[in-house]
Amino acid sequence: MTVDAENAPPAGKPEPSKEETWERLLAEVASLPSLPGVYRYFDARGDVLYVGKARDLKKRVSSYFHKNHGGSRIGHMVSRIVRMETTVVRSEAEALLLENNLIKTLNPRFNILFRDDKSYPYLKIASHAFPRMSYYRGAVDRRHRYYGPFPNAWAVKETIQLLQKVFLIRTCDDTVYNNRSRPCLLYQIKRCSGPCVGLVSADDYRASIGQAERFLLGEAEGVMADLQVRMMDHAEKLEYEQAAEIRNQISSLAKVLHQQAVETVSDKDVDVLAVRVQGGRACVNLAMVRGGRHLGDRAHFPVHVQDHASLAELESGEQPLDAQAWQQATEVAVLEAFLSQHYLGGAVPSLLILSHAVDPELIEALGEQGGRKVTVVHQPREQRRIWLEMATKGAELSLARLLSEEGSQQARTRALVEALNLELDLDAREAGLEGSGVEAERGDVGGAGDAGGVAAAQEAPARAHDPLAGLRIECFDISHTAGEATQASCVVYEGHKMQSSQYRRYNITGITPGDDYAAMKQALERRYSATVAQDAGNDSGSGTRGASKSARVPDIVLIDGGKGQVAMAREVFQQLGLPLSIIVGVEKGEGRKVGLEELVFADGRPKLQLAPTSAALMLVAQIRDEAHRFAITGMRAKRASVRTGGSSLEDIPGVGPKKRARLLQRFGGVRGVGAASVDELASVDGISHELAEEIYRALH
């Protein structure tokens, strides 16, 4: 978000001083009404710092500007505020809804943010004379029936296998179903009733669908009773084969219900949420009960927890909290943030079991937007208590695993810095990183994700406490097939993790096919010539405001190759005036065996061979392998496009490089994509039903 032109200072007029800005903000605070509403803080770049809600706008906002926060996180945020906006609403429930919408839209720097890059899967029963049962992820279509959501794909597929075994429902696609002349293997192994060749009547199949849906809705005991009645009816008519089939169904269903140790009859649809905070990170574990069956859980890890925790303490209006009370307040803030971001605007079950008590206004808002009464229990008993204990244990284990993995990555980063004897100005880095903007440059081919710099900003760690988190490594690799569809990849490692939103691919043209040296040279020139030009513009004062994050020269440039590729890199860096000491080539060892790689330097240092068990070598291998993976997937998609006329996919709005690659890999080329049905297209990860229909129309 940028500052409005009407609020910007006139051309030639100097920027207002901090004192003038502060006086203006205090005057605005003094004029605020004592009404419920939402407030937003902006920095000098126009980026959103924080979005908050208040029952009393004047009282809440005043707490930020009329207290001395010192060098705390709150003080750091307040010192960056140059503009604020407020919106008055009728009630705190409306404030909750507006706050949630703004957080999702603006991605503020100091709010707790939950990023879920995958939607929850559903079990879909399509509208059809003989309905098909299938796994589904994406936007729902009212013509069909959906059951869920499920916490993961495994839970959906397990349920499908169960319904196949008990109710013999088909799972084949309509294109297969319409062209069968004899029953398939699923019929032979008693997993389908064979509707494709008329081996079951429409009425009987419809009855099986009805029983399956009742089972999904939690009426398993009722289904069992109905099956027993049908079995006895067949037996009385001396139809022993049909009675035996139903007996087998009852046996299978009874076995499943017996194995489901956390099955219950009274609670049908329940979400169980437990939160834990430790080491500056938080985990919200969501366990789902659908139709009375516990389907598993999924852990969610928010960012900006430390920032928001301090703000929550301020907004509470209480004295500084002790460690235990601070942790409790932080866990409540995280849980409330999850409830609002996860449920507002979506489906919410009628019962929520929570590890902490939350604001009743939030639950009221959830019920109003869902059109149903939402009951909350945070001190459950009996079976509900068992569910909450399971969810809490899952949160603790997931958080411990995350902290362990992050600690391991930090150790790898530190080991590489020590192995290469890097001289980093950590004090300057620590002072400068906090105020730097995080945006992604636009490459000529595009990055690996659509989130861009926003996602990178959300994933940024608390760098003021870990200066090595600012270490930036970029790695290049070249991929082609006998010179065809040559592409270079650039992947980024920063903050102790791979930053996929900053990955870039470069189409290599104008070289001799198969010349990896020339391809590497072209990729490096295109990557860093813009960086040098932007740095020069910023030094002269003519650069644009808010230079992109990736414009910074990295601390290490890894080249997947030996002396030849490093020589090309040295030539490019000498022309651009960049330091040669940051170039590191990764040369294959003897016999190209993993663990025997040698590091080659462009500044004349001798080769360095690290121990196969070295944490530094593990990090180098991790980054290099990711560059290779990213390069080869892009090359294959480009090759498929060239061979099959992939431009038809490129012309479809909403189908970017990542989605196009998934489609081509799934269906083997554009011809396969064109032959796929809408449902088949929608089954590809990232392709919604609406987009699948658009693709289908464009190719037919």
Exercise. Just by modelled atom types, is the S404 backbone N or O under 3.5 Å from a matching donor or acceptor in the S408 side chain?
Worked result: no

Exercise. Is there a donor-acceptor contact under 3.5 Å from the side chain of Q341 to the main chain of I112?
Worked result: yes

Problem set entry | Whether N285 side chain and A391 backbone form a donor-acceptor pair below 3.5 Å | yes

Seminar exercise, completed: Partner of Q565 under side chain to side chain contact (heavy atoms under 4.5 Å, CB included), picked from I559, I478, D477, V600, is I559

Exercise. What distance separates I556 CD1 from I582 CD1, expressed to the nearest 0.5 Å?
Worked result: 9.0 Å

For this session: Drop me the distance from R629's CZ to R624's CZ, to the nearest 0.5 angstrom.
Result: 14.5 Å

Exercise. Cation-pi between K607 and F601: NZ/CZ under 6.0 Å from ring centre and within 45° of the ring axis?
Worked result: no

For this session: Using atom types as modelled and distance alone, determine if a side-chain donor or acceptor of Q522 lies under 3.5 Å from a backbone N or O of T509.
Result: yes

Exercise. Looking just at side-chain N and O atoms, do Y493 and T413 make a donor-acceptor pair shorter than 3.5 Å?
Worked result: yes

For this session: Indicate yes or no: does R472 engage E474 in a salt bridge with an N to O separation below 4.0 Å.
Result: yes

For this session: Answer yes if the ring centres of Y528 and F573 are under 6.0 angstrom apart, and no otherwise.
Result: yes

Exercise. Does Q499 use its side chain to pair, donor to acceptor, with the backbone of E494 at less than 3.5 Å?
Worked result: yes

Exercise. Think R505 forms a cation-pi with F630, using NZ or CZ under 6.0 Å from the six-ring centre and within 45 degrees of its axis?
Worked result: yes

Exercise. Would you say the side-chain atoms of S479 pair up with the backbone N or O of Q487, donor to acceptor, closer than 3.5 Å?
Worked result: no

